[in-house]
Structure formats: structure tokens, C-alpha cells
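In what follows, every heavy atom counts, from backbone to side chain, and hydrogens, waters and symmetry copies are set aside. Only a predicted model underlies this, so the values are computations on that prediction, with no experimental measurement involved. Here is how names work: the chains are called A, B, and so on, in the same order as the sequence lines, proteins then strands, and each is numbered from 1.
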Amino acid sequence: MTEREYNRCVDLYADGLYRFIVKNLKHEEDARDIVQNAFEILWKHHDTLLFEKGKSYLFTVGYRNMIDHLRKAKRISLVETFAENIAVKSHSAPDTKAVLMNALQRLNEMQRSLVMLKDYEGYSYEEIGEITGLNASQVKVYLHRARLKMKEYLVKMENVM
Amino acid sequence: MDINLNNYETYLLSFVDGELDEATTQELMRFLKANPDKEKELNVLQMTRLPEERDLVFPDKHSLYRKEEPAVKKTFVLRRYQWLSAAAAACIGLLIVFYLQPWKASPPPIKPTTAVNTPIPAVQQPEKPIPAATDTGSSVAVSKPAEKRTIPPPVKKNENKNLLSKNNPVGKPAEKQEVKATTQDDNEPALATIPVLARTENDAVQNPSIAVAPISLKAENITANVADKKIVPESPSSKTDEGKKEETSKEKIMNTTTVLAMTKKDIDSTITQKLIDLNQKKEGIINHIAKNGIKIGKLTIAFND
């Protein structure tokens, strides 16, 4: 990967990676640090990497950093509690997007990442498997479970409304 | 493939994920046509897809851009380090040379006491040829001075410095050559004077006219004089003046040797003084380096005791 190709990766993937991380962490500063760290590592190894592998490399590094960060900060349970509180409050002003985000936040860390990688970035099961360290079948099963869980929440919320 | 009520959900989810191929998609559409209630289920599943969020962007993208440093800078850094290491090695080498002082061993240091004492035997040496003149063994000494050397004419004390400066116009760097020259000169006056004096002494016995000439003689002049000696016949009147001329020639020889010894003494003392000055300068430089270290640009090498 040349210098120009690296900078092209910044143009193409920085926003997507940031979106992916910040949606998981719910913390902009931490998300920014993780994105910067991922691009630093990409630059460090840009001589040995192909441009075509740049995106998956960035998301792999970003995802692993994010998992480490979540485990260290032990924010997973806090985020879920926070999400439930928001869900209660959102009864007064129902919004399709907000309900969907609530449904997303109710997923566990792995399921949420799979949904975002699929919907935001359009990765295939194989590509998601490379990033998360799962095989394609596992990705498919986990992703389907996540969607069914979200569907269950949406149907439930629709009945409430 | 067969899509039925037992497995349709997996196909619906794969369709939502966009993982179904064309044929399977058409098969699923046919199944949904046949089962319209399942189409509603598909619509709810479609709602789980996250919408695009283009407004959420990385706030400081410029901080991520990188520019490769040119390769020239890398080589410059390497060269600079190489230069520094070479300079450091040179300094260490110089210090080792200063502390070991290998030049101290090669030329023996001339102290003022030895410098004063050395000319004395040089003055006494010329006395030997006088008895050797009558000796028959001196013929060996006579045959040796075939070298084309001139005996330096008597030089006054004031002219010594001029003579030194003429021989070594460069000045200080040539002082080592002066030392070598003196070490040769310690023997040379004796060697040079012995044969010449012996010859003149011999000749003086036979023909006093030859004995007056010799101080600046070359070998050619001597042979010419010898040829003259054969041509000129001996006169009986010369035998009467023989004693007086012999005495005068002896006096002249003695005077010449004394002047030469004085000259040598002056040269020795001058060289000794210059060597002492050089040693003092050297010690000054060593003390300065020991106190202040060595400065090369911004780099300073300091030395502890």
C-alpha cells in the first residue's frame, strides 16, 4: 500500500470505522482514540499490506481494540442498563429510528457488532468472520439470532404503541 | 432446494442480509406468494436493518493523513551518525596518542646537563689526530676521507642562528630534523676533522705549503695539492722555516677546532631550548584537554581523572 493508497483509506473508511466504534461504545472520545490507533497501526504496516485489504484490516484492528476497551472499562452492563432506561423514557415520544437503536442496544456486544458490520458496511458473512474471528456459519447463526431478537423487540414496542 | 414452513425463516433472514443468490431469491418469492402471511414477517425483519447514518463522521480526519519522509533524509541521518562516530573515534585516538606519548621513547630527551657536557669530548677529540699524524696507522684514516665533504668554516656565535634558519627555513616542524642533524654532527666534526687534520699533518711534515690550505678542502682539492706537491721540488730554505710554519698551522688547527666546538655547543643549546619549549606546549595542551575536554561542534567530550 502506497502513501496515496493509505490516505485514500482514510477518506473511504475513517467515517465508517468511527461510526461502527462509536455506536458500540457510546463514547465519542474513546471511539476517536480507537480509530486513530487503528490508522496508526495500518500506517505502520502499510508497506506490507495491499490496498484491497485496507478496510478489513482497519475494522479488524478497530474491532479488537474496541473489545479490549469494553472489557477493561466493563461498560457492557452499564450500556445495557442505560439502554433500558432510554427505552422506558422513549415511550412518550416513539420514533422508529430510536426504537430500532434501542433494539440494537439490547443486543450483546458480538451481535451488535455483527449487525452493524452487515448493515453499515455491507460485509459478507466471510468478511465479518475475518474481522471478528468467527467462521461464516457462526456469523450467519449469530446474525440471524440478533435479527430475530430485534424483531421481537420491534413487535413488542409496536404492540405497546 | 426446498423452501417450506420449517425452514423459511432462515431464507427470510438470509434475504434480509442480502446473502441469497438469484435462484434462491426467486424460489423465496414464490414461497411468499403462496404464503402471504409470511410476507408480513419479512417486512418486520426488513425493519431490523439499520439505516445509513452519513451524518456521523470522524471529526478530525486530517490528523489521520500521513506523508512519507523522503529517503534522502534517512540517508542524511545515517551519514550524520557515521560522521559523529568517526569524529569520536578520532578524538579517542588522539587522546591515546597524547597519553602514551610514543615520541618520547624514540628521540632521547636532551637535558641541559647533558647538552653542556657533550661538547667537551667533541673538543677533546681533535687532539687525538695530532699524535696520530706521526703514526703509520694513520694512513688508513687518510685513505677514508675520499668523501666529498667540506669542513664548515669557522662561524661566529651570532651566525649560528642564521645558519639554523637557513638549513630549516620552515621553522618549528623542522626541529626534529635539527635533532637528527645534531646527532650526526656529534660524530661528524670528529670524523671530518680527524682525517683532514691527519692529512694536513702528514703533508705539513713533508711540505708546509700544503698544510696552510686544508680547512675547506674537498677531495678534489687535496688531489690537486698532491699533484702540485709532486711538481714543486723541495728547496733547502723551506726546511729552516719548517718549525715555525708547523707551529702556526697547529695553532690554526687548534683555533678552528675550538671555534667548531663552540658552534656545536651553541647549536646544542638552541635545540635543547626548543625541545623544552615544545614539551611545555605539549603539557599545556594536555592540561587544557583534561580540564575543558574536546569540543566538536555541539559535542563535548569531557575526561575524568
A.B. asks: Within a strict 4.5 Å, meaning less than it, do heavy atoms of the A:Arg32 and B:Phe58 side chains meet?
C.D. replies: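 A side-chain contact under 4.5 Å exists here.
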
A.B. asks: Does any backbone or side-chain atom of A:Met101 lie under 4.5 Å from a heavy atom of chain B? Answer side chain, backbone, both or neither.
C.D. replies: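 Looking at A:Met101, just its side chain touches chain B.
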
A.B. asks: Contact between B:Arg66 and A:Glu40 at the side-chain level, heavy atoms closer than 4.5 Å - yes or no?
C.D. replies: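 Yes, at least one pair of side-chain atoms sits under 4.5 Å.
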
A.B. asks: In this structure, are over 12 heavy atoms from other groups packed under 6.0 Å from A:Glu52 atom CD?
C.D. replies: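 Yes.
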
A.B. asks: By a 4.5 Å heavy-atom criterion (distance strictly below it), what part of A:Glu28 contacts chain B: side chain, backbone, both, or neither?
C.D. replies: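 Neither part.
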
A.B. asks: Would you mind checking which part of B:Ser63 comes under 4.5 Å of any heavy atom in chain A, side chain (CB onward), backbone (N, CA, C, O), both or neither?
C.D. replies: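 For B:Ser63, the side chain is the part near chain A, not the backbone.
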
A.B. asks: Hey, which residues of residues 9-22 of chain A are touching chain B, say heavy atoms under 4.5 Å apart?
C.D. replies: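 Residues A:Val10, A:Asp11, A:Ala14, A:Asp15, A:Tyr18, A:Arg19, A:Val22 are the ones that qualify, each having a heavy atom under 4.5 Å from chain B.
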
A.B. asks: Rounded to the nearest 0.5 Å, what separates atom OG1 in B:Thr48 from atom CG in A:Asp119?
C.D. replies: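 If we round to the nearest 0.5 Å, B:Thr48:OG1 and A:Asp119:CG are 7.0 Å apart.
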
A.B. asks: Just so I know, are the side chains of B:Leu45 and A:Leu148 near enough to count as touching, which here means a heavy-atom distance under 4.5 Å?
C.D. replies: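 Yes. Closest side-chain heavy atoms under 4.5 Å.
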
A.B. asks: Who among A:Lys23, A:Arg147, A:Lys118 has the most heavy-atom pairs with chain B under 4.5 Å?
C.D. replies: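 Looking at each of A:Lys23, A:Arg147, A:Lys118 in turn, A:Arg147 comes out on top.
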
A.B. asks: State, yes or no, whether a side-chain contact exists between A:Leu100 and B:Pro51 at a heavy-atom distance under 4.5 Å.
C.D. replies: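 A:Leu100 reaches B:Pro51 side chain to side chain.
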
A.B. asks: Are any of the side-chain nitrogens in A:Lys140 or B:Glu19 under 4.0 Å away from the carboxylate oxygens of its partner?
C.D. replies: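 Salt bridge flag = no for B:Glu19 with A:Lys140.
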
A.B. asks: Give, for atom CH2 of A:Trp43 and atom NZ of B:Lys67, the distance between the pair rounded to the nearest 0.5 Å.
C.D. replies: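 It comes to 11.0 Å.
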
A.B. asks: Taking atom CD of A:Glu5 as the centre, report whether more than 12 heavy atoms of other residues, nucleotides or ligands fall under 6.0 Å from it.
C.D. replies: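 Atom CD in A:Glu5 is crowded, with more than 12 foreign heavy atoms closer than 6.0 Å.
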
A.B. asks: Can you tell me how far the CZ atom of A:Arg112 sits from the CG atom of B:Leu50, to the nearest 0.5 Å?
C.D. replies: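 Reported value, rounded in 0.5 Å steps: 11.0 Å.
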
A.B. asks: Could you check if a side-chain atom of A:Met150 sits within less than 4.5 angstrom of a side-chain atom of B:Val44, using non-hydrogen atoms only?
C.D. replies: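 When only atoms from C-beta onward are counted, B:Val44 and A:Met150 do not touch, as no gap falls below 4.5 Å.
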
A.B. asks: Does some side-chain heavy atom of B:Asp17 sit less than 4.5 Å from a side-chain heavy atom of A:His144?
C.D. replies: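 A side-chain contact exists here, since the closest heavy-atom pair is under 4.5 Å.
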
